[in-house]
S.K.: 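Structure incoming, see below.
Since we're looking at a predicted model, the values are computed, not measured.
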Amino acid sequence: MRVGITGHRGLSHPIVSEVQELLAERLRRYDPGALTVVTCAAEGPESLLARAALDAGAAVEIVVPADDYRETLPPEHRSVYDDLLKQARGVHPTGMASVTPQARQVAGEILVGLCDELLAVWDGLPARGHGGTADTVAYALGVRLPVTVVWPEGATRRPAAGRP
């Protein structure tokens, strides 16, 4: 079974804790020996699931949105990303040089193409920018990939910078 993960970045600590529990519960439904988690390994839900999958004995594959992706991650997450990259069974670059909304969209499409199911840590709201979680979910639904939304009941994301 190949399970992809997409999710919002920059979640509050209480939401991250709840999401981590929901993802752990979901992970227990799979046979770790037959599971591959596919992720871009961004900070938050994507890396949490990848780490939990590796700890359970599953495999991880990473989609790299662009050559400069690592540099766009928060500095405190880079060592986590590096560790996941070293342990990945496969790495799938988009071939794009810089992280742009288009590169994120292409990465999401590659991720969807590598999976049997997509887990989406998504609040159900429209995208805040092209290539985000909502766009990956829309693409997955468009190609009829099963999508399971993982979101704590009653949780809300922080507003994006410059938005109410």
Side-chain angles (χ1 to χ4, degrees), residues 1-11 15-16 18-32 34-54 56 58-67 69-70 72-73 77 80-81 84-85 88-96 98-158 160:
M1 179 69 163
R2 298 175 62 79
V3 177
I5 175 86
T6 186
H8 295 310
R9 298 165 65 172
L11 299 174
I15 292 177
V16 169
E18 287 184 70
V19 164
Q20 193 166 13
E21 288 177 32
L22 293 169
L23 290 174
E25 177 186 316
R26 188 75 194 176
L27 189 60
R28 287 190 290 272
R29 298 179 186 191
Y30 305 106
D31 171 8
L35 177 65
T36 299
V37 169
V38 184
T39 177
C40 291
E43 73 277 9
E46 295 179 19
S47 290
L48 290 173
L49 184 64
R51 177 79 268 149
L54 286 168
V60 168
E61 293 183 14
I62 297 181
V63 177
V64 181
D67 295 344
Y69 180 63
R70 181 186 184 279
T72 69
L73 297 170
H77 181 69
V80 173
Y81 178 77
L84 292 173
L85 204 57
R89 181 175 67 189
V91 177
H92 307 276
T94 64
M96 302 184 103
S98 297
V99 173
T100 63
Q102 181 185 8
R104 290 186 192 282
Q105 183 67 34
V106 169
E109 291 174 9
I110 289 171
L111 186 141
V112 165
L114 293 168
C115 299
D116 301 309
E117 176 185 3
L118 179 68
L119 299 180
V121 179
W122 177 47
D123 62 4
L125 296 175
R128 291 182 174 173
H130 186 64
T133 300
D135 291 322
T136 301
V137 170
Y139 180 79
L141 293 172
V143 298
R144 295 191 168 93
L145 183 73
V147 175
T148 300
V149 175
V150 178
W151 190 253
E153 189 173 326
T156 57
R157 277 195 300 161
R158 294 179 267 213

S.K.: Taking all heavy atoms of Trp122 and all of Val149, pick out the closest pair and write down the distance.
M.R.: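 Taking Trp122 first and Val149 second, the nearest heavy atoms are O-CG1, 3.4 Å.
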S.K.: Taking His92 for the side chain and Leu111 for the main chain, is one N or O donor matched with an acceptor at less than 3.5 Å?
M.R.: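 It does not hold such a pair.
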S.K.: Can you tell me how far the CG atom of Leu141 sits from the CG atom of Leu118, to the nearest 0.5 Å?
M.R.: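 The distance works out to 8.5 Å.
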S.K.: For residues Cys115 and Leu145, report the shortest heavy-atom separation together with the two atoms involved.
M.R.: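 Residues Cys115 and Leu145, closest heavy atoms: O-CD1, 3.2 Å.
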S.K.: Do Val19 and Pro152 come within less than 4.5 Å of each other through their side chains, counting heavy atoms only?
M.R.: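 SC-SC contact between Val19 and Pro152 confirmed.
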S.K.: Once side chain to side chain donor-acceptor pair (under 3.5 Å) is applied, do any residues pair with Glu109, and if so which ones, sequence neighbours excluded?
M.R.: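 Only Gln105 meet the side chain to side chain donor-acceptor pair (under 3.5 Å) criterion with Glu109.
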S.K.: In Å, rounded to the nearest 0.5 Å, how long is the span from CD of Glu43 to CG of Leu11?
M.R.: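 Answer for the CD-CG pair, Glu43 versus Leu11, is 9.5 Å.
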S.K.: Do Ser47 and Leu84 make a side-chain contact, defined as non-hydrogen atoms from C-beta onward lying under 4.5 Å apart?
M.R.: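 Touching, per the 4.5 Å side-chain cut-off.
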S.K.: Say you draw a straight line from CD1 of Ile5 to CG of Leu119; how long is it, rounded to the nearest 0.5 Å?
M.R.: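 Rounded to the nearest 0.5 Å, the CD1-CG separation comes out at 5.0 Å.
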S.K.: Short question: side chain of Thr6, backbone of Thr136 - any donor-acceptor pair under 3.5 Å?
M.R.: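 Looks like no, no N/O pair under 3.5 Å.
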S.K.: Please identify each residue that fulfils salt bridge (Lys or Arg N to Asp or Glu O under 4.0 Å) with Glu18, with sequence neighbours left out.
M.R.: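 Counting only residues at least two positions away or on another chain, Glu18 forms no salt bridge (Lys or Arg N to Asp or Glu O under 4.0 Å).
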S.K.: Could you check whether atom CZ of Arg29 has more than 12 heavy atoms from other residues, nucleotides or ligands sitting under 6.0 Å from it?
M.R.: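 Above 12, so yes.
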S.K.: Looking only at heavy atoms, what is the nearest atom pair of Asp123 and His8, with distance?
M.R.: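 The answer is N-NE2, 3.1 Å.
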S.K.: Got Leu27 and Leu23 here, is their nearest side-chain heavy-atom distance under 4.5 Å?
M.R.: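 Sidechains of Leu23 and Leu27: no contact.
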S.K.: Give me the atom names and distance for the closest heavy-atom approach of Ala134 to Pro126.
M.R.: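 The answer is CB-C, 4.0 Å.
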S.K.: Under the side chain to side chain contact (heavy atoms under 4.5 Å, CB included) rule, what do Val106 and Ile110 come out as? Steps first, then yes or no, please.
M.R.: CA-CA 6 Å; Val106 169; Ile110 289 171; 3.9 Å; yes
S.K.: For Tyr81 and Tyr69, indicate whether the former's side chain and the latter's backbone hold a donor-acceptor pair under 3.5 Å.
M.R.: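 No, because the side chain of Tyr81 does not come within donor-acceptor range (under 3.5 Å) of the backbone of Tyr69.
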S.K.: Under the 3.5 angstrom rule, does the side chain of His77 hit a backbone N or O of Ala41 as a donor-acceptor pair?
M.R.: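 Yes, because the side chain of His77 sits within donor-acceptor range (under 3.5 Å) of the backbone of Ala41.
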S.K.: Quick one: does any side-chain atom of Arg2 pair with a main-chain N or O of Leu114 as donor and acceptor, under 3.5 Å?
M.R.: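 Yes.
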S.K.: For residues Val3 and Thr36, determine if any side-chain heavy atom of one lies less than 4.5 Å from a side-chain heavy atom of the other.
M.R.: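 A side-chain contact is absent here, since even the closest heavy-atom pair is not under 4.5 Å.
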S.K.: Measuring from Thr94:OG1 to Gln102:CD, what's the distance to the nearest 0.5 Å?
M.R.: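 Rounded to the nearest 0.5 Å, the OG1-CD separation comes out at 9.0 Å.
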S.K.: Please check: side-chain N/O of Glu25 versus main-chain N/O of Glu21, any donor-acceptor pairing under 3.5 Å?
M.R.: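 No, Glu25 side chain to Glu21 backbone: no donor-acceptor pair under 3.5 Å.
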S.K.: Once you round to the nearest 0.5 Å, how far does OG1 of Thr133 lie from CZ of Arg104?
M.R.: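 Here the rounded value is 10.0 Å.
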S.K.: For residues Thr72 and Arg9, report the shortest heavy-atom separation together with the two atoms involved.
M.R.: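 Minimum heavy-atom contact is O-NH2, 4.0 Å.
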S.K.: Please report the interatomic distance CH2(Trp151) to CD1(Ile15), rounded to the nearest 0.5 Å.
M.R.: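 Between atom CH2 of Trp151 and atom CD1 of Ile15 there are 4.5 Å.
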S.K.: Within the structure provided, determine whether Asp135 and Tyr139 are in side-chain contact (heavy-atom separation under 4.5 Å).
M.R.: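 Side-chain contact under 4.5 Å: no.
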S.K.: A side-chain contact here means heavy atoms from C-beta on lying under 4.5 Å apart; do Val63 and Thr39 qualify?
M.R.: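 Not touching, per the 4.5 Å side-chain cut-off.
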S.K.: For Glu117, is the CD atom crowded, meaning more than 12 foreign heavy atoms sit under 6.0 Å from it?
M.R.: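 More than 12 within 6.0 Å, yes.
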S.K.: What's the shortest heavy-atom distance between Ala103 and Met96, and which atoms?
M.R.: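 Looking at all heavy atoms of both residues, the closest pair is CA-SD, 3.3 Å.
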